[in-house]
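All heavy atoms count here, side chains included; hydrogens, waters and symmetry mates do not. Because the structure is predicted, anything quoted here is derived from the model rather than measured.
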Amino acid sequence: MRLSGKRAFVTGGRSGIGRGIVDAFLREGADVVACGRGEHPDEFKAGWISLDVSDPDAVTNTAESLGAFDVVVNNAGVQVEKTVVESSDEDWDLVMGTNARGVFNVCRAFIPRMRNGGSLINIGSISGNVADPSMALYNASKAFVHGLTRSIAVDQGPAIRCNAICPGWIETGMLEAGFQLAQDPDKAQSDAVKRHPAGRFGKPSDIAAMAVWLASDDASFATGQLFTVDGGMTAASPLNPGLF
Amino acid sequence: MMLNGKTALVTGARGGIGRAIVARFIKEGATVYAADLTPGGSLESESDDGGLFIKLDVTQEQDAVDAMETVRASHGKLDILVNAAGIEIEKTIEDTTLEEWNRSFAVNVTGTFLTSKHALPLMREAARSGTSASLINFGSYDGFIADPGLAAYCATKGAVHALTRAMACDHGPEGIRVNAICPGYIDTPMLQSFFTGEGSGGGGGNIETLQQAVRDVHPMRTYGTPTDIANLVTWLASDEARYASGQLWVLDGGLSAQVQQMKL
């Protein structure tokens, strides 16, 4: 087991990628505490804290109450499917509050309590490097995560490593919501699958596998980097004439 | 005029993009050597762009030496070099023969190396007597992300990108700026060949439908023209770009700014 003896904190652990990371960390022997908005999820073997990461005081109080960690994963994130012009102040507060300020809140509160040799893992996105249509604030919030990742790696090394994982299209509720924007969601989905050299969408476990590696001591020289796990999608041109 | 009094040499000068560069450079007041394999280059029609034709096979070192000697004899310096000569093999690596692979690197990479190597002494002269000399390579957005069935081409363009940065580091102190322009889809014979090629999936299909689909996937809803490329090359060649060096300038109508576009 690659994470035995390590204590990990995972934000947004209820479902999707976060749940995949929690399950994988438990399998690898880590002691895991997860957080999210709302009550303890069903059939959840890790510890649970009800926490909205966008609330700085609540995050600080949680960090103080939980003690030291070896691994912190900033996974909690939300998306709003709008262009800049369509986005309201509330949309800004929601998306930037969770995806940008939430990551900042957790980093600020937990880094001082991380053990030497610790690993901080942020969930960025391919959308922080290239744009998904009608996802303006989300795309921008993930670029913030990428920049913050490098800053933390530079400032906190050698005590703490910090990396980001940039998932592509992973089978989660958020992906499903994206496809519901399409005029023909089924057609959009089959078209999208074809654009993956891997021939499929990702699963939360694909991202969790990278998170396990980054959390483990195998990754002790990896810091300050963005690791894209997207089935090869962004290696290919957005334009794939073979499809037409 | 942006290039008044400057001497320029353009390789691949009689191809689709090359001709547009030569014509624009002349309009901006430069003396232009149009280097290519033949006066017509890759196009069927003759060129009346006004460039001074030099026969140059970029894979042959002696051709590069001779071309630069011609420039030296008349002008004694070279302000601008544009390495626009390039070929594209539309195949996966399994289908690509060693000969095709070597030919791709010979033209796209070795050609850029040889022409630049022998141009540098003349460009140093230009930098000493003028502001800065400008060397412009042709990379591609395919050097960053791959189109299907273009393996050797993608690899050569990645090599040109790295070479561009290396040359910028080495020769910046000598007053020579080195940049690469990375076109996306530009309406040239090479692009039309890609549309009709078997590797693209366009073979046997409706070319007009395919072309429209390609336009639609661009944020600007069109692919580019050789004039668009010439506009940026002219700026990079001019003294306005005197602080621009070591960069890869993507010009693609926004194509590579987006995640793979779902057909919504």
Side-chain angles (χ1 to χ4, degrees), chain A residues 79 81 83 124-136 138-140 142-143 166-170 174-199 201-202 228 230-244, chain B residues 90 92 140-151 153-154 157-158 182-185 191-224 250 252-264:
Chain A
Q79 71 185 30
E81 293 103 12
T83 66
S125 173
I126 57 167
S127 308
N129 299 327
V130 283
D132 267 319
S134 289
M135 295 272 274
Y138 179 82
N139 296 339
K142 290 304 184 178
C166 306
W169 289 350
I170 310 300
M174 282 168 84
L175 180 66
E176 191 56 37
F179 282 124
Q180 290 310 317
L181 291 175
Q183 287 164 6
D184 183 344
D186 290 341
K187 193 173 165 215
Q189 191 152 340
S190 69
D191 174 71
V193 168
K194 287 182 201 154
R195 290 165 185 271
H196 289 68
F201 294 132
T228 297
D230 71 347
M233 185 178 63
T234 56
S237 159
L239 185 155
N240 188 334
L243 295 171
F244 298 127
Chain B
E90 287 139 15
T92 67
S140 171
Y141 95 118
D142 276 319
F144 298 106
I145 51 179
D147 270 313
L150 275 180
Y153 183 78
C154 292
K157 292 306 183 179
C182 309
Y185 280 63
L191 178 64
Q192 296 309 323
S193 166
F194 180 64
F195 282 148
T196 55
E198 290 179 7
S200 70
N206 183 328
I207 297 303
E208 192 42 53
T209 305
L210 178 59
Q211 289 175 332
Q212 192 54 44
V214 170
R215 290 187 192 101
D216 287 345
V217 82
H218 285 75
M220 298 303 294
R221 297 291 182 259
T222 183
Y223 37 81
V250 178
D252 69 351
L255 180 63
S256 60
Q258 52 191 347
V259 175
Q260 293 260 356
Q261 200 179 63
M262 291 182 278
K263 284 190 195 170
L264 299 179

**Request:** Begin with the C-alpha distance, continue with both residues' side-chain angles, and end with the deciding distance and a verdict on side chain to side chain contact (heavy atoms under 4.5 Å, CB included) for Ile145(B) and Thr234(A).
**Result:** CA-CA 7 Å; Ile145(B) 51 179; Thr234(A) 56; 5.7 Å; no
**Request:** Begin with the C-alpha distance, continue with both residues' side-chain angles, and end with the deciding distance and a verdict on side chain to side chain contact (heavy atoms under 4.5 Å, CB included) for Met233(A) and Val259(B).
**Result:** CA-CA 8 Å; Met233(A) 185 178 63; Val259(B) 175; 3.6 Å; yes
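Asn129(A) is linked by a side chain to side chain donor-acceptor pair (under 3.5 Å) to His146(A), counting only residues two or more places apart in sequence or in another chain.
Note that OH of Tyr185(B) and OG of Ser237(A) are 5.0 Å apart. Values are rounded to the nearest 0.5 Å.
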